[in-house]
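In listed order, ligands and their atoms are each counted from 1.
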Amino acid sequence: MGLRIALIQMDIAFGNPKKNYLMVEEKVRQAVDTKNPDVIVLPELWTTGYDLEAFDQIADPEGKESITFLANLAKKYQVYFVAGSIAKKSVAGFTNTMLIFDQSGNLLKEYSKAHLFRLMNEEKHLVQGNDDGLFQLGDYLCAGLICYDIRFPEWVRTHMFDQTKVLFVVAQWPEPRIDHWRSILITRAIENQCFVVACNRVGSDPNNVFGGHSIIVGPWGQVIAEAKDQETILSGEIALSEVDKVRQNIPVFTDRRPDLYRLK
Ligand SMILES: NC(=O)CCC(=O)C(=O)O
């Protein structure tokens, strides 16, 4: 059985969670009406954008408001949510945290961005996460990564030792490096022989223009669906059996030589 996926590639109102909740509610309704998805994916920091200076006022305490909002939508539409990431405020500080829900609205996983991106000042305002991004969507073992995390192949590979089949990436990736975005995502799919489902934002904030090009890549590196640089709902279907076929054809995981790798 395949998994139908809808990625909401959207603009984000800078520092305005109320407006973003309303926009997401409407876009999720449109995605359900037009794509009949099993899974809906949102971009990185969709409640606030990168208004880091204002996080003290606008980050969500313990993620409570976002969790209630997303759980209700997941339950209402009976969809899984890889609900992008939100700015979460807790005693430890602010985190860039991905939220995953099942079709009954249960929170399956929280993953906080492990690698903070200095070019966008994250290290000055956020604390990094220390947990893995693994979660299960039905039969599909998946991993979540947030934007800059994809530049670390060793972190992605760590998630693959559990036979992960789908990598979900949520992002606010600027347009000037959109070639890196595409190349890295296709490479991660080929080297890990898995599906890559990646949702970027579009539009701009005071510091960046964002490049879109949300994409679904198959385990052979084939592009299944790709958006341009405008708001859209991108959709595609993925089938687990394809991953097994590719891994049997070229058994990369069996042929690894960890005795030669000097990774720490
Ligand atoms: N929000 C991010 O982590 C952006 C990462 C990025 O732009 C990059 O080039 O890496």
Task: Minimum-distance protein heavy atom relative to atom 7 (O) of ligand 1 - done: Arg177 NH2, 2.7 Å
TODO: Would you mind listing which atoms of ligand 1 come within a distance below 4.0 Å of any non-hydrogen atom of Cys147?
DONE: 1 (N), 2 (C), 3 (O), 4 (C), 5 (C)
TODO: Would you tell me whether Ser85 and Thr97 have side-chain atoms, one donor and one acceptor, within less than 3.5 Å of each other?
DONE: no
- [ ] Compute the minimum heavy-atom distance from His115 to ligand 1 and say whether it is under 4.0 Å.
- [x] no
Task: Within reach of ligand 1, part of Phe117 (heavy-atom separation under 4.0 Å) - done: side chain
Open item on the list: Starting from Leu134, can I reach Leu145 by hopping between I/L/V/M/F/W/Y residues whose side chains sit under 4.5 Å apart?
Closed with: no
Task: Numbering as shown, the atoms of ligand 1 that approach Lys113 to under 4.0 Å (heavy-atom distance) - done: 1 (N), 2 (C), 3 (O)
Task: Partner of Glu44 by side chain to side chain donor-acceptor pair (under 3.5 Å), out of Tyr148, Tyr50, Trp173 - done: Tyr50
Open item on the list: Please work out, at 4.0 Å between heavy atoms, whether the side chain, the backbone, both, or neither of Tyr50 comes within that distance of ligand 1.
Closed with: side chain
TODO: Go through Asn121 and Lys124 one step at a time and tell me if the side-chain hydrogen bond (donor to acceptor under 3.5 Å, both in side chains) criterion holds.
DONE: CA-CA 6 Å; Asn121 289 329; Lys124 297 198 178 93; 2.9 Å; yes
Task: Under 4.0 Å to a heavy atom of Pro174 - the qualifying atoms of ligand 1, by number - done: 7 (O)
TODO: Just let me know how Arg151 lines up against ligand 1, side chain, backbone, both or neither, with a heavy-atom cut-off below 4.0 Å.
DONE: side chain
Open item on the list: Is there a polar contact between ligand 1 and Glu44, counting only N or O atoms under 3.5 Å apart?
Closed with: yes
Task: Whether Asp60 side chain and Ser66 backbone form a donor-acceptor pair below 3.5 Å - done: yes
TODO: Using the rule that two of Ile, Leu, Val, Met, Phe, Trp, Tyr join whenever any of their side-chain heavy atoms come within less than 4.5 Å, decide whether Ile215 and Leu3 are in one cluster.
DONE: yes
Open item on the list: Do Gln172 and Arg201 pair up side chain to side chain, a donor and an acceptor below 3.5 Å, judged on atom types alone?
Closed with: yes
